[in-house]
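Each remark here refers to the structure printed beneath this line.
Sequential numbering from 1 along the given sequence is applied to the chain's residues. Ligands are counted one by one from 1 in listed order, and the atoms in each one are counted from 1 as well.
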Amino acid sequence: MSAPATRPGRFIAFEGGEGAGKSTQARLLAEALRVRGLEVVTTREPGGTPGAEAIRTLLLSTEGADWGTRAEALLFAAARADHVERLILPALARGAWVVCDRYLDSSRAYQGGGSGLSDADIRTLHTIGSEGLLPDMTVLLTLDPVQATARLALRDQGASDRIGGRSAEYHARVAAAFASFASAEPGRFVVIDAAGEPSQVHARIIAALDSAIGL
Ligand code: TYD
C-alpha cells in the first residue's frame, strides 16, 4: 500500500486596517486547520522572531524615536527578512502551514499608500530582504471606518501605537491602497467583509479559502 500523499505547507497572510479583526480571524483559521490535522504556525508582523520583535518595539513605541518614512520602511523590511529566514521558510520547508497577521502588503499600504513611498521601492526592499517571498493567499478583511473605530475603542481603551494613532486621512489612504492591491491581483487575494460576529466572518474566510486554494 502506498503512503498517504502529504500536502505541502501553505502560507496565508491576513491584511487590513486596524480593528478589522485580523488577529482573531488568524487564530480561528489556525484552529480550524489544526482540526484538519495540519501543523500550523501562527505568527505576526512586525515580529514573529526575537530579532523582529525587537524591531517591532522600535517601530511601534510612542516613546522612542520618531522614524522618517524611509527608515521606517527599511525597519519593516529588516524585521520581515529575519522573520522569513528564521521562521516562515523553515516552517514551510517542513510542510507546516503558516498563518501570518500582516505581511508585505501592509508595507505597501502603510509606507506606500499612507506615507507616499513608491510601490516599486517597497518591492525592491522586499526582494533584497526576503527574496520576494509572497503568501500563497492573502485574506483582506474590510470594515467601514466607523465600525473599526468602535472595535478599536473596545480593544485598546483609547491607547494606540505610533502608526495606529495616525490621522483618519492616513488610514483612509491605507484602506484605499489595500483595495487597489486586491483588485489588481485577484488571484492573490480573497476580500472578506469583516462585519458581524467573529464566527460569521470565520465562515466566510473558510468558504473563500476553500474555493481559492482548497483546505
Ligand atoms: P498591530 O498591533 O500588529 O496591528 P493591528 O493594530 O492591526 O492589530 O500593529 C502593527 C502596526 O504596524 C499597524 O499600525 C500597521 C503597521 N505596519 C506597517 O505600517 N507596515 C508593515 O509592514 C506592517 C507589517 C505593519
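In this structure, ligand 1 sits under 4.0 Å from heavy atoms belonging to E18, K22, E45, P46, R56, L60, F76, R80, R102, S106, S107, Y110, Q111, R155, D161, I163, G164.
Remark: side-chain polar atoms of Q111 are not paired, donor with acceptor, to backbone N or O of R70 under 3.5 angstrom. Of the possible donor and acceptor atoms, one in the side chain of S183 sits under 3.5 Å from a partner among the backbone N and O of A179. The backbone N or O of I213 sits less than 3.5 Å from a side-chain atom of R10, completing a donor-acceptor pair.
A search for side-chain hydrogen bond (donor to acceptor under 3.5 Å, both in side chains) contacts involving S23 returns D101, not counting sequence neighbours. Residues passing the ring pair (Phe, Tyr, Trp, His ring centres under 6.0 Å) test with Y110, sequence neighbours excluded: none.
Listed by first and then second residue, the ring pair (Phe, Tyr, Trp, His ring centres under 6.0 Å) pairs that reach into residues 27-65 come to none, sequence neighbours excluded.
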